[in-house]
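Accompanying notes for the structure given below.
Atoms within each ligand, like the ligands themselves, are counted from 1 in listed order.
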Amino acid sequence: MKTRLLVAAAMPAALVRAVNNGLARTPQMGWNNWNTFACDVSEKLLLETSKLLVDYGLKDLGYQYVVLDDCWSVGRGEDGYLIPDTTKFPHGMDGVADELHKQGFLFGMYSSAGEMTCARYTGSLDYETQDAESFASWGVDYLKYDNCYHMGRMGTPLISFNRYNEMAKALKKTGRSILYSLCSWGEDYVHTWGGSIANSWRISGDIYDSFSRPDDLCACNDPANPACVAPGTHCSVLAIINKVAPYIDRGLPGAWNDLDMLEVGLGGMTEEEYKAHFAMWAALKSPLLLGNDLRVMDATTLSIVNNPAIIAISQDPKGRAAMRISRNLTVPKDEFGVGETQVWSGSLTNGDQVVIFFNAADEDLDMSASLAELFVMHGPGGSADEVKQDWTVRDLWGSEGARMSKADAQAVLDAKSDAERSSVLKRANWYNATEKPYAKGLEDGDERLFGERVGTVKAGGRLEARVARHAAKVFRLQSAGGKAGASKGSSLRDEL
Ligand code: GAL
């Protein structure tokens with residue numbers, strides 16, 4: 001607690017957001033049970049998962065919040081306070097919190113700004129004070145606050161703001177540091193007011209385990225859809241990316257657009273699709289909350305979510321999301337009529353640039369972007385200084401080196417003892433953000449955060465790459481000096 005207050009005090013005034021609780025200066029990371037387990041929750045599940053987060057080295061990569069979603073109570077007592085389900089949580093919520101804190105985790109819980117939660121458990125509307133008191137007294141560090149059964153109290157930004165602000169004020173009044181995560185699915189322009197009272201806000205209906213399949217239940221991602229009465233569920237990775245693109249710049253340290261919890265490892269996407277999903281969530285500065293069952297995680301999944309070079313993009317101290325600089329809809333489409341490519345580019349703290357070639361077309365494609373396009377945020381028409389320099393290009397997935405090998409990931413999963421696991425992680429020289437926070441690793445130039453060097457782009461040149469169908473190439477561009485007006489048109493391809 002003391003540390004957090006110190007961090008808040010040390011923040012430059014200009015960066016302090018209205019919520020001003022000092023939390024989530026970089027997007028929060030952790031695990032949430034909903035995507036895999038829905039209402040099948042228990043103390044056992046949370047604590048088995050937290051143990052695996054430690055064992056697999058994920059806690060040391062930054063996954064520090066263990067978040068319990070819906071379905072944990074048996075209602076409200078006559079005194080007005082919520083009663084936890086002691087069949088599911090025999091030691092109470094404070095028992096879970098204590099255990100998680102002992103292991104070095106932070107504990108998240110869930111409620112709804114409605115009469116009921118979405119799974120029809122008791123909600124917190126009009127009981128904000130009591131419920132915030134309960135959360136604080138149990139030792140809760142994070143509240144995900146949903147939007148179901150709001151009793152009609154929505155329809156304008158102000159009505160929604162007021163409803164969510166009641167809980168913000170109640171949490172503040174407890175004096176406990178509690179990360180506040182809004183789950184109003186993008187309703188009532190939450191991106192325009194969420195940052196005033198909360199650390200993150202969901203921007204869409206619920207994600208589902210599909211890369212690009214459109215679904216009518218994700219109604220509101222298509223503004224022209226007359227059936228858009230609620231943001232819904234079954235939103236694909238592509239639908240969510242397209243929804244947030246126009247206001248991706250609303251995210252800032254302490255207050256983030258939430259693209260929803262990760263689907264990596266649930267089985268509905270290919271490995272390349274999951275890599276693209278994970279990298280986009282990192283570069284767009286969404287919270288990174290794993291949603292898979294860690295007890296049955298495979299090596300492929302582990303070697304996606306434990307890539308420190310990708311996580312370092314999410315946790316970059318500059319805290320600016322990449323922005324979409326181009327979108328091409330005239331590419332081969334799938335049976336649903338979906339197919340597009342996108343280029344995203346964003347500034348990082350040390351002057352590096354993250355670039356993502358995102359291929360949601362139905363074919364492998366050559367993609368490219370000029371330096372003038374990639375640095376448009378620093379000056380349109382090629383006027384940015386960055387266009388006049390050479391850039392070293394690093395691939396953040398790489399072939400080997402940037403990502404844990406499947407054999408090592410399997411060895412981590414199969415290890416029979418803590419000692420055996422630590423020795424695999426040590427042998428693989430795996431990154432440990434508990435020992436060295438990302439900000440320090442970036443400052444030190446720790447190679448494990450910078451991916452694999454694959455070429456250069458000369459001043460005035462283009463970055464080009466072949467991108468597989470339903471995949472993303474993720475690059476970090478590092479300044480390599482060079483002079484204004486140096487050679488034109490030399491590309492990464494020339495060197496490959
Ligand atoms: C939805 C929410 C999901 C999950 C679910 C629980 O509204 O978007 O992430 O929390 O409710 O019922």
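In summary, Glu43 and Lys88 do not engage in a salt bridge, as defined by a charged side-chain N under 4.0 Å from a carboxylate O. Under the 4.0 Å criterion applied to side-chain N and carboxylate O atoms, Glu271 and Arg403 are assigned as salt-bridge partners. One finds a salt bridge joining Asp55 and Lys51 here, because a Lys/Arg side-chain nitrogen approaches an Asp/Glu carboxylate oxygen to under 4.0 Å. Between Arg213 and Asp215 there is a salt bridge, with a side-chain nitrogen of the basic residue lying less than 4.0 Å from a carboxylate oxygen of the acidic one.
Protein residues with any heavy atom under 4.0 Å from ligand 1: Trp34, Asp69, Asp70, Tyr110, Cys118, Ala119, Lys144, Asp146, Cys183, Trp185, Arg202, Asp206, Met261.
A side-chain N or O of Ser160 and one of Asp188 form a donor-acceptor pair less than 3.5 Å apart. Side-chain contact check for Asn257 and Trp201: at least one donor-acceptor pair (N or O, by modelled atom type) lies under 3.5 Å.
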